[in-house]
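Proteins get letters first, then strands, A, B, ... in listed order; numbering begins at 1 in each.
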Amino acid sequence: MVHRSALLNWLKTKIDGLSKEDESDHVHVECSLIRCISEYRDKELSQIQLDKDFNTRLMNRLEHIDLEVVETYPDGSKRRFNLPLVFSAGFAVAAIIVSVSIFTGESDNSPSFGKMHTHMHISPIDLKSSSYAEMSPEQKAILQELKKNPENVRLLEKLEYYYSENGRKEQATEIHSMLETVSKKY
Amino acid sequence: MTLREKEKILLQKIKAGDKYAYMELVTPFRERLFRKAKSMVKDDDDADDIVQDALIAGYKSIVNFRAEAGVYTWLYRIVINKSKDLLTKRKRMVEKSIDDNEQQFVDERPGFEKKLELSDESSYLIKKINQLDNIYKEVIDLRYFEEMSYADIADLLECNVGTVKSRLFKAKEILKHMILQDERGEVKIGT
């Protein structure tokens, strides 16, 4: 316990002039705050001991993340793409078109494959409630093609991951349902 | 080269896919982010996880980072959000297991809680700062400990710069009066 009289003396020397009610009081408080918190910060941060493997763990996790890269064009417009998909962008677009064509509701039930449909305004059919038997022969054929080629499935999985990582859950769920359908045995 | 210029160069490298540049960017902030998380969740392991998760989340959304804000302020905000998420989860778990009138209080107060060997002056002032209301303690912490700009503090607290300045002024006024009271012997010092 520090005696009050001793502290009063100390206060007078350390924070001299505080009793003068003028603007310089704030300067004294400001200086004291900077000095004191700087000392506090140095001591507190020096005592924090993070896990030795902190950086290793972080780097390992970073290795599994594919960063979305933004390319800025001279006109200021931006184009975003995912690094692993750069070399398969054409396939990805093809997969999207195929998936939209297959899984977009068509009232006339006409063959849709090959028409390059992009009816994004049409609600996708509910895959959970749709059975394989209800699909058109064309849709079944495409599903069979998807099953035959693991590359297509891998591409769709990438797309699902890409959408889920970018917060586009609806599209990710749709692709997931599609993959589930493809993985089923008929 | 200023810190901000260095940050911008590192950001360009990161956006081009350089993960090591990201490590270089965030390594100086680890301990300060950990301190913030720890002050909120009161647990070393949870704070460690929160900082890891925050740095991963930061990396994932680095393309959305606004260069006008400091990288540290941005990561600091992510740490706060993740800490709040954890506190909310804990609260839900407590609500399930304990009756309402027995719920544990989660201390989210900002401040300078750690007992450190400080000089007499610093120790005295820290004690006074801890007596301030949370809104004043918070701005003191952000301004003097985190060394954030007024604009960054305003952004973080979702208020305008004027409010930040006004709170800081008020905080210093209160501190000044506390010290003067002690000097006049109106309040017993060292208790």
Side-chain angles (χ1 to χ4, degrees), chain A residues 1-15 18-19 21 25-30 32-51 53-55 57-72 78 80 83 86 165-167, chain B residues 14-20 22-23 26-27 30-32 34-35 38 44-45 47-48 51-53 55-56 59-64 112 114 116-126 129 140-141 143-147 168-169 171-173 175-176 179-180 182-185 188-191:
Chain A
M1 176 69 72
V2 184
H3 292 293
R4 199 175 74 187
S5 57
L7 262 174
L8 285 176
N9 288 334
W10 167 80
L11 268 173
K12 280 173 188 168
T13 56
K14 289 283 183 184
I15 315 177
L18 260 182
S19 54
E21 300 258 348
D25 288 352
H26 269 282
V27 177
H28 286 286
V29 175
E30 178 87 11
S32 296
L33 276 172
I34 292 169
R35 200 164 45 235
C36 137
I37 294 178
S38 169
E39 183 187 350
Y40 185 92
R41 181 179 51 239
D42 291 346
K43 293 207 170 163
E44 183 174 7
L45 294 182
S46 70
Q47 287 186 5
I48 293 175
Q49 295 293 324
L50 289 173
D51 188 353
D53 298 328
F54 187 93
N55 272 3
R57 278 189 292 136
L58 183 61
M59 197 61 203
N60 285 341
R61 290 179 70 182
L62 288 176
E63 291 293 346
H64 293 93
I65 298 169
D66 300 316
L67 189 65
E68 188 185 54
V69 175
V70 178
E71 188 177 274
T72 308
K78 289 181 177 177
R80 294 170 180 221
L83 278 179
V86 170
E165 286 296 301
N166 286 278
Chain B
I14 295 162
K15 287 176 183 178
D18 186 346
K19 293 179 168 68
Y20 290 97
Y22 186 71
M23 294 296 285
V26 301
T27 295
R30 297 178 321 168
E31 282 78 10
R32 286 160 71 192
F34 176 87
R35 172 192 179 256
K38 171 83 185 291
D44 281 5
D45 291 337
D48 188 286
V51 177
Q52 283 269 337
D53 291 347
L55 293 178
I56 292 294
Y59 182 74
K60 282 179 182 173
S61 56
I62 198 111
V63 288
N64 301 321
F112 303 85
K114 197 149 188 174
L116 299 168
E117 285 289 324
L118 300 170
S119 65
D120 285 349
E121 181 191 9
S122 298
S123 157
Y124 172 78
L125 262 180
I126 290 292
I129 292 167
I140 293 263
D141 185 59
R143 180 67 179 162
Y144 296 100
F145 190 99
E146 302 293 355
E147 295 181 309
L168 270 171
F169 183 83
K172 284 185 267 187
E173 272 290 304
L175 281 174
K176 188 182 86 176
I179 295 167
L180 285 172
D182 285 349
E183 199 172 356
R184 290 179 196 131
K188 195 174 179 183
I189 302 169
T191 54

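- Between atom CZ of residue B:F34 and atom CG of residue A:L45 there is a gap of 11.0 Å, rounded to the nearest 0.5 Å.
- Both the backbone and the side chain of B:L118 come within contact range of chain A, each with at least one heavy atom under 4.5 Å from a heavy atom of that chain.
- The part of B:L116 that comes within reach of chain A is its side chain, from C-beta onward, which places non-hydrogen atoms under 4.5 angstrom from that chain.
- Once rounded to the nearest 0.5 Å, the distance linking OH of B:Y20 with CE of A:M59 reads 4.0 Å.
- When each of B:K38, B:R32, B:E147 is scored by its heavy-atom pairs under 4.5 Å with chain A, the top score falls to B:E147.
- Here the side chains of A:H26 and B:E173 are in contact, with some heavy-atom distance below 4.5 Å.
- Contacts of B:F169 with chain A are made by both backbone and side-chain atoms, with heavy-atom separations under 4.5 Å.
- Residues A:I37 and B:I140 form a side-chain contact, since some pair of their non-hydrogen atoms from C-beta on lies under 4.5 Å apart.
- The backbone N or O of B:E117 lies less than 3.5 Å from a partner atom in the side chain of A:K43, making a donor-acceptor pair.
- Pairing each heavy atom of A:V29 with each of B:K176, the nearest pair is CG2-CB, 4.0 Å.
- A distance of 4.5 Å separates CG of A:L58 from CE of B:M23, quoted to the nearest 0.5 Å.
- Annotation: side chain of A:H28 is not in contact with side chain of B:I179 (no heavy-atom distance under 4.5 Å).
- Interface remark: B:T27 contributes side-chain atoms only to the contact with chain A (heavy atom separation under 4.5 Å).
- When side chains are defined from C-beta on, B:V51 does not count as touching A:L50, because their heavy atoms never get closer than 4.5 Å.
- No side-chain heavy atom of B:Y59 sits under 4.5 Å from any side-chain heavy atom of A:R61.
- Neither the backbone nor the side chain of B:L168 comes within less than 4.5 Å of any heavy atom in chain A.
- Note that OH of B:Y124 is 11.5 Å distant from SG of A:C36, once rounded to the nearest 0.5 Å.
- Using a 4.5 Å cut-off between heavy atoms, A:Q49 makes no contact with chain B at all.
- Interatomic distance, A:Y40 OH to B:S119 OG, rounded to the nearest 0.5 Å: 13.0 Å.
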Might you work through the salt bridge (charged side-chain N to carboxylate O under 4.0 Å, His left out) test for B:K172 and A:E30, ending with a clear yes or no?
-> CA-CA 8 Å; B:K172 284 185 267 187; A:E30 178 87 11; 2.4 Å; yes

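- In this structure, the side chain of A:E39 does not engage the main chain of B:S122 through any donor-acceptor pair within 3.5 Å.
- At a 4.5 Å heavy-atom cutoff, B:R143 makes no contact with chain A through either its backbone or its side chain.
- Ion pairing between a basic and an acidic side chain is recognised when a charged N comes within 4.0 Å of a carboxylate O; B:R30 and A:D51 show no such pairing.
- Both the backbone and the side chain of B:D53 come within less than 4.5 Å of a heavy atom in chain A.
- Annotation: side chain of B:L55 is in contact with side chain of A:F54 (closest heavy-atom distance under 4.5 Å).
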